[in-house]
Amino acid sequence: MLPATLDSWIARAAASVSLMIHDHTMLVTTAAAIALLYAASRVHQFFVPPRALRHLPRAPVAVYLRWMLEGGGFLALNDAIMRAVREDALRKGLIASMEDTPRVYLRWFVGVWIVAVSNPDDTKTVFLNHELYEKGRINIGYARQFFGYNVAGAQTPDWKRQRKVVNPAFRRGWATSFFGDPARHLIANWDALGVVDPSQWMQRLTLDALSSAAFGHTMDSIHHPDNPMVTTYNRIIHNIFQQGPLLNPFYKLTPGAAQLRRDMKAFNDQIFVMIEAKTAERDRRRALGSGSGKVEDEDRRDLLDLMIDAQEGTTFSKEDLRSNTVVFFLAGHETTATALSFALYLLGMHPDVQQRARDEVIQVMGDLPSKPTPADQVPYPTVEQDRQFTFLNCVIKEVMRLYPSAPQLPMRITMAPSILSDGTHVPAQTHITVDMWALHHAREYWGPSNDKFNPDRWAETVLPDGSVPMQPGARGYTWAPFAGGQRICLGQQFSLVEQRVVLAMMLLRYEWTAVGDEDALRGHPRTAPSGLLRPDGVRLRMVRRDLV
Ligand code: HEM
């Protein structure tokens with residue numbers, strides 16, 4: 001028999017163990033309940049928008065999921081979304097017919113609800129208040145890791161620091177030879193082909209122009225599409241913008257992700273080598289006493305050179321130089337390739353407009369110098385001639401209205417509560433975008449010919465000196481492919497010069513018609529899976545003008 005004290009001690013111990021077990025069970029049960037509630041609320045947030053935004057029209061999440069899994073291009077998704085959004089808006093009494101576009105609606109991206117504005121008033125507000133509508137940061141997949149913290153993605157305080165260094169690289173003229181030289185290489189290839197895929201070739205041309213302009217060495221992807229730097233870059237971009245893997249929570253453990261990491265490292269190493277070489281070259285020039293190290297031909301100076309100069313005495317690091325160079329690649333070549341591909345396509349669908357554009361080019365530059373003209377002697381406009389195109393600028397504006405390269409403004413996030421023009425209260429920390437596609441196509445702002453290619457609609461905006469204003473305010477913020485406000489595209493001039501030079505050369509060299517698949521021929525080309533619009537299934541039949 002146990003002594004009484006021991007007995008009571010054991011009883012007390014047993015009671016407290018049982019209490020502990022009970023407490024522990026309680027603890028586990030409570031923790032499990034909290035975890036479950038949290039998971040349920042996350043699932044709920046994933047599929048159901050926040051209460052304050054629930055009144056806005058939206059498409060069911062299934063529409064997005066289906067598209068992400070199928071891997072289609074932007075236009076296929078957008079058609080399906082806008083049909084569902086319009087049906088919902090009609091049900092909610094927000095629009096009068098399926099032809100109308102709601103001023104504000106909701107989009108979805110991997111569980112994030114985004115307020116999309118598609119009217120000029122809110123577009124202007126978002127552009128002009130960039131500290132209230134800050135750059136959003138969704139850290140999914142590998143995009144953030146590859147593009148790093150660059151001027152295009154930075155939030156205000158850091159953006160100001162970055163812009164100081166990057167600005168001088170853009171605030172200057174652009175030598176037309178940056179674009180004329182690769183266009184001649186392209187012409188030499190196209191002469192031998194007859195039927196071409198504009199999208200594929202414009203990607204190559206703009207990559208070569210951009211690599212010359214960005215770091216003074218062309219990637220020469222027109223002649224060498226298999227150049228390892230080109231193929232690595234293309235693979236990275238393809239993999240980063242694939243939507244399907246974003247739905248896989250274990251994506252980063254897959255062999256595909258491992259390959260992507262290896263590619264990013266290889267590409268970045270190359271950029272670092274260039275940065276080192278350029279810095280050493282500048283120091284060498286200085287040591288030899290050649291002034292500040294600046295080269296003679298200012299318009300041919302490359303972006304990296306100018307950034308390396310401007311970064312002296314600032315906190316700009318090598319990683320800042322890398323991430324900005326990388327973002328120039330994405331921002332600077334895909335966008336212009338898209339604009340040029342659609343311009344060639346639309347001119348191929350509208351031979352009358354093509355001829356009027358050609359007449360203007362011949363009037364400004366004269367015709368081809370001889371019959372035949374060797375590819376490397378096809379003239380490109382001088383800087384002076386480039387300033388004299390009026391109709392060509394109207395064509396470019398109309399192309400970028402119908403096919404804005406970036407159909408949605410990169411995501412913003414509200415830093416404080418705000419109210420939109422339709423009275424919607426947007427809470428702080430809400431994601432928001434401008435739907436450039438909807439804005440550029442809405443019947444409300446473009447009339448019944450909203451979906452028609454009509455460069456003459458821009459005639460009334462031409463200034464007395466023949467120039468065509470390209471800022472969004474010139475048409476009340478209904479046209480804004482380069483965005484607006486302080487965060488307007490830094491490369492707008494670069495891209496416009498490139499588009500005019502390349503189109504002028506094509507117009508001199510060829511007459512062409514659009515061929516390709518059924519969608520392209522009926523005027524609704526498909527787009528390839530990509531972060532931007534990229535035509536798919538379009539082909540052009542090119543006929544040399546100097547041989548007829
Ligand atoms: C058709 C051609 C182009 C289009 C449609 C286009 C479009 C845009 C748009 C919509 C933005 C605003 C992004 C935002 O606010 O979130 C932007 C910003 C930017 N673009 Fe472009 N872009 C084009 C060409 C270029 C080129 C050729 C370069 C460089 C060589 C470039 C460099 C940049 C940079 C650095 C920014 C960030 C500016 C900032 O936030 O301060 N873009 N672009």
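Owing to the predicted nature of the structure, the values given are computational and were not obtained by experimental measurement. Order of appearance sets the numbers: ligands from 1, and atoms from 1 within every ligand. Here, residue 1 is the first one in the sequence, and each next residue gets the next number.
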| said: Would you say NZ of K124 has more than 12 non-hydrogen atoms from neighbouring residues, nucleotides or ligands within 6.0 angstrom? | reply: no

| Crowding at CD, E460 (>12 non-hydrogen neighbours, <6.0 Å) | no

[X] side chain to [Y] main-chain N or O, any donor-acceptor pair under 3.5 Å?
X    : Y    : value
N150 : G153 : yes
E360 : T390 : yes
S118 : R103 : yes

| query | Only one of T414, I114, I413 forms a side chain to side chain contact (heavy atoms under 4.5 Å, CB included) with T430, so which one is it? | reply |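 Exactly one candidate clears the test, T414.
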
| note | Partner of Q499 under side chain to side chain contact (heavy atoms under 4.5 Å, CB included), picked from V395, V399, I396, is I396

Going by the order shown, which atoms of ligand 1 are within less than 4.0 Å of some heavy atom of [X]?
X    : result
T336 : 1 (C), 2 (C)
F494 : 27 (C)
P481 : 5 (C), 7 (C), 10 (C)
S405 : 1 (C), 5 (C)
V151 : 35 (C), 39 (C), 40 (O), 41 (O)
M400 : 1 (C), 5 (C)

| task | Report yes or no: does Q486 have a heavy atom closer than 4.0 Å to ligand 1? | result | no

| query | Are any of the heavy atoms in K135 under 4.0 Å away from ligand 1? | reply | yes

| So is R412 polar-close to ligand 1, meaning N/O to N/O under 3.5 Å? |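 In this structure, R412 places an N or O atom under 3.5 Å from an N or O of ligand 1.
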
| message | Is there a polar contact between ligand 1 and R163, counting only N or O atoms under 3.5 Å apart? | response |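 So ligand 1 has an N or O lying under 3.5 Å from an N or O of R163.
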
| salt bridge (charged side-chain N to carboxylate O under 4.0 Å, His left out) with D220: which residues, sequence neighbours excluded? | none

| Which residues and atoms, counting only protein N, O or S, are under 2.8 Å from atom 21 (Fe) of ligand 1? | C489 SG

| query | What protein heavy atom sits nearest atom 29 (C) of ligand 1, and how far off is it? | reply |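 Answer, as residue, atom name and distance: F170 CE2, 3.6 Å.
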
| field | Qualifying residues under side chain to side chain donor-acceptor pair (under 3.5 Å), relative to Q388, sequence neighbours excluded | value | none

| said: Run L132 and S418 through side-chain contact (heavy atoms from CB on, under 4.5 Å) and show every step you take. | reply: CA-CA 8 Å; L132 172 59; S418 65; 4.1 Å; yes

| field | Summary of side chain to side chain donor-acceptor pair (under 3.5 Å) pairs that have at least one residue in residues 475-485, sequence neighbours excluded | value | R475-T478

